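Since the structure is predicted, the reported quantities are computational estimates derived from the model, not experimental observations. In each ligand, atom 1 is the first atom listed, and ligand 1 is the first ligand listed.
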Amino acid sequence: MNKTRGYAAAAVKAPLGPFSFERRAPRPHDVSISIKFCGVCHSDIHQARDEWGGSIFPMVPGHEIAGIVTAVGAEVTKFKVGDRAGVGCLVDSCRTCAQCHEGLEQYCASGAVWTYNSRDRDGTPTMGGYSDQIVADENFVLRLPERLPLDATAPLLCAGITLYSPLAHWHAGPGKKVAIVGLGGLGHMGVKLAHALGAEVTVLSHSMKKHDDGLRLGADHFYSTSDAATFTKLAGAFDLIVNTVSAPLDWNALVSLLRVDGSMVVVGIPEGQVALGALGLVHGRRSIAGSAIGGIAETQQMLDFCGEHNVTADIELIPIQKINEAYERVVKSDVRYRFVIDLASLGAE
Ligand code: NAP
Ligand code: ZN
Ligand code: ZN
């Protein structure tokens with residue numbers, strides 16, 4: 001067993017604090033990774049506060065993990081000691097169902113094993129990246145581009161793939177008008193990726209405060225959803241809307257911004273139900289869909305694309321001791337645009 005130090009929420013809504021636990025002894029296909037950086041996703045907060053129900057405590061959150069390989073099992077072929085390595089939201093799946101065969105492990109019929117707040121196939125609760133090391137099967141470990149800084153690469157493992165997958169699936173590219181709703185951790189990656197894919201990009205934010213940032217990140221246009229005129233001006237404008245907002249919004253108003261055959265893809269996960277009228281969909285053959293992260297092969301494809309196009313997250317690096325403050329700031333939409341924990345700070349405990 002491997003003694004691991006990290007930060008955990010001991011119970012629902014408890015502030016995170018220092019916590020020691022054991023990682024499994026590496027198996028033949030396992031890679032041991034010294035975690036250097038871990039992004040702070042809004043999903044970490046939803047789960048630490050049990051906003052989706054069923055949370056497992058104590059919980060070590062974190063699924064935007066970037067580090068260096070320290071050991072490999074006897075049968076590992078994809079990694080060697082010293083390589084850069086990443087772990088995202090998935091650490092295992094059944095590997096036999098139709099979705100797993102298609103590279104859609106996140107939709108595994110038996111339920112994927114998530115990096116934390118989940119149970120490994122032997123029943124052990126999984127623990128995430130707010131910690132100094134992780135042990136994972138090489139088939140769920142990602143190669144990180146050498147030319148990108150490791151800290152700003154970490155958020156690609158969740159925020160990056162969560163936007164890349166729907167942008168690719170719904171063919172964002174030259175000639176396509178794409179709107180990104182919410183300029184947070186996910187949204188700012190959506191702007192950068194949709195721009196790099198060649199689409200015309202509009203940000204729909206709940207205020208105009210982030211206007212200059214939006215354009216700097218690659219958006220062509222920026223509008224506030226708090227201004228009723230936005231909805232008149234942009235009616236029927238978009239081929240694709242990716243909605244990253246974690247608060248309940250008026251989805252009917254957003255649907256009215258789609259052109260004929262346009263789609264709104266929901267990736268933000270608000271608590272509770274959202275009302276949706278049939279008429280807005282019927283008039284214009286519009287669709288509404290959801291999307292969860294991306295499979296392992298697609299995540300690697302996204303990382304390679306980011307390496308080629310020099311795409312990383314805009315980050316604010318924090319010591320782990322500031323994690324509770326960071327959570328408060330994320331909830332207030334006061335982060336530009338992703339907190340990343342520098343795990344070297346654990347040494348200061
Ligand atoms: P985030 O950094 O907090 O960004 C959310 C953004 O929503 C904010 O920056 C803000 O942007 C916007 N917003 C609009 N109305 C708001 C309001 N009333 N209060 C606060 N913010 C408001 O969060 P994130 O990490 O990008 O995650 C966003 C959501 O996606 C979360 O629900 C998360 O759990 C979910 N998620 C889903 C997946 C998936 O696979 N589908 C993966 C990761 C995360 P503006 O200021 O521009 O309006
Ligand atoms: Zn996430
Ligand atoms: Zn499966």
**OP:** Provide, to 0.1 Å, the distance between atom 21 (N) of ligand 1 and the closest protein heavy atom, together with that atom's residue and name.
**Re:** S333 CB, 4.0 Å
Original post:
Any non-hydrogen atom of Q106 lying under 4.0 Å from ligand 1?
Top reply: no
**OP:** Could you find the nearest protein heavy atom to atom 20 (C) of ligand 1 and give me its residue, atom name and distance?
**Re:** V331 O, 4.0 Å
Original post:
So is S43 polar-close to ligand 1, meaning N/O to N/O under 3.5 Å?
Top reply: yes
Original post:
Got the closest protein heavy atom to atom 32 (O) of ligand 1, with its distance?
Top reply: H46 NE2, 2.9 Å
**OP:** Could you list which atoms of ligand 1 come closer than 4.0 Å to a heavy atom of V245?
**Re:** 7 (O), 12 (C), 13 (N), 14 (C), 15 (N)
Original post:
When you measure from atom 42 (C) of ligand 1 to each heavy atom in T162, L204, V335, which option holds the nearest one?
Top reply: T162
Original post:
Quick check: does G182 get an N/O under 3.5 Å from an N/O on ligand 1?
Top reply: no
**OP:** Give a yes-or-no answer on whether the side chains of T124 and D122 include a donor-acceptor pair shorter than 3.5 Å.
**Re:** yes
**OP:** Starting from atom 43 (C) of ligand 1, locate the nearest protein heavy atom and write down its residue, its atom name and how far away it is, to 0.1 Å.
**Re:** C158 SG, 3.3 Å
Subject >> Shortest protein heavy-atom distance from atom 47 (O) of ligand 1, along with the residue and atom involved >> reply: S205 OG, 2.5 Å
Original post:
Is it the case that E328 and N324 place a side-chain donor and acceptor less than 3.5 Å from each other?
Top reply: no
Subject >> Validation row, ring centre F19 to ring centre Y7 under 6.0 Å >> reply: no
Original post:
For ligand 1, which atoms, with element, lie under 4.0 Å from some heavy atom of I293?
Top reply: 39 (C), 40 (O)
**OP:** Establish, from distance only, whether the side-chain atoms of T4 and Q133 form a donor-acceptor pair under 3.5 Å.
**Re:** yes
Subject >> Shell of protein N/O/S atoms around the Zn ion (ligand 2), taken as anything under 2.8 Å >> reply: C41 SG, H63 NE2, C158 SG
Subject >> Shortest protein heavy-atom distance from atom 23 (O) of ligand 1, along with the residue and atom involved >> reply: H42 CB, 3.2 Å
Subject >> Sub-4.0 Å heavy-atom approach of W52 to ligand 1 >> reply: yes
Subject >> Protein residue, atom and distance nearest to atom 37 (C) of ligand 1, heavy-atom basis >> reply: V267 O, 2.9 Å
Original post:
Please state which protein non-hydrogen atom is closest to atom 26 (O) of ligand 1 and give its distance, to 0.1 Å?
Top reply: L186 N, 2.8 Å
Original post:
Counting heavy atoms only, which of S291, G185, P270, P248 comes nearest to atom 2 (O) of ligand 1?
Top reply: G185
Subject >> Euclidean distance, I65 CD1 relative to S131 OG, rounded to 0.5 Å >> reply: 6.5 Å
Original post:
Less than 4.0 Å between a side-chain N and a carboxylate O, is that true for R95 and E105?
Top reply: no
Original post:
Applying a 4.0 Å heavy-atom criterion (strictly less than), which segment of K209 is in contact with ligand 1: side chain, backbone, both, or neither?
Top reply: neither
Original post:
With atoms numbered from 1 as shown, which atoms in ligand 1 lie under 4.0 angstrom from a non-hydrogen atom of K210?
Top reply: 9 (O), 11 (O), 45 (P), 46 (O), 47 (O)
Original post:
Atoms of ligand 1 less than 4.0 Å from R338 heavy atoms?
Top reply: 24 (P), 25 (O)
**OP:** Pick, from R329, H206, E51, the option with the minimum heavy-atom distance to atom 48 (O) of ligand 1.
**Re:** H206
**OP:** Below 4.0 angstrom from a heavy atom of T244, which ligand 1 atoms are there? Numbered from 1 as shown, please.
**Re:** 28 (C), 29 (C), 30 (O)
Subject >> I293 backbone acceptor or donor facing Y164 side chain under 3.5 Å >> reply: no
**OP:** Have a look at the Zn ion (ligand 3) and estimate, to 10 degrees, the angle subtended by SG (C97) and SG (C100).
**Re:** 110°
**OP:** Between G184, A247, P155, C89, flag the one that comes closest to atom 4 (O) of ligand 1 by a heavy atom.
**Re:** G184
Subject >> Distance-only N or O hit between ligand 1 and S246, under 3.5 Å >> reply: no
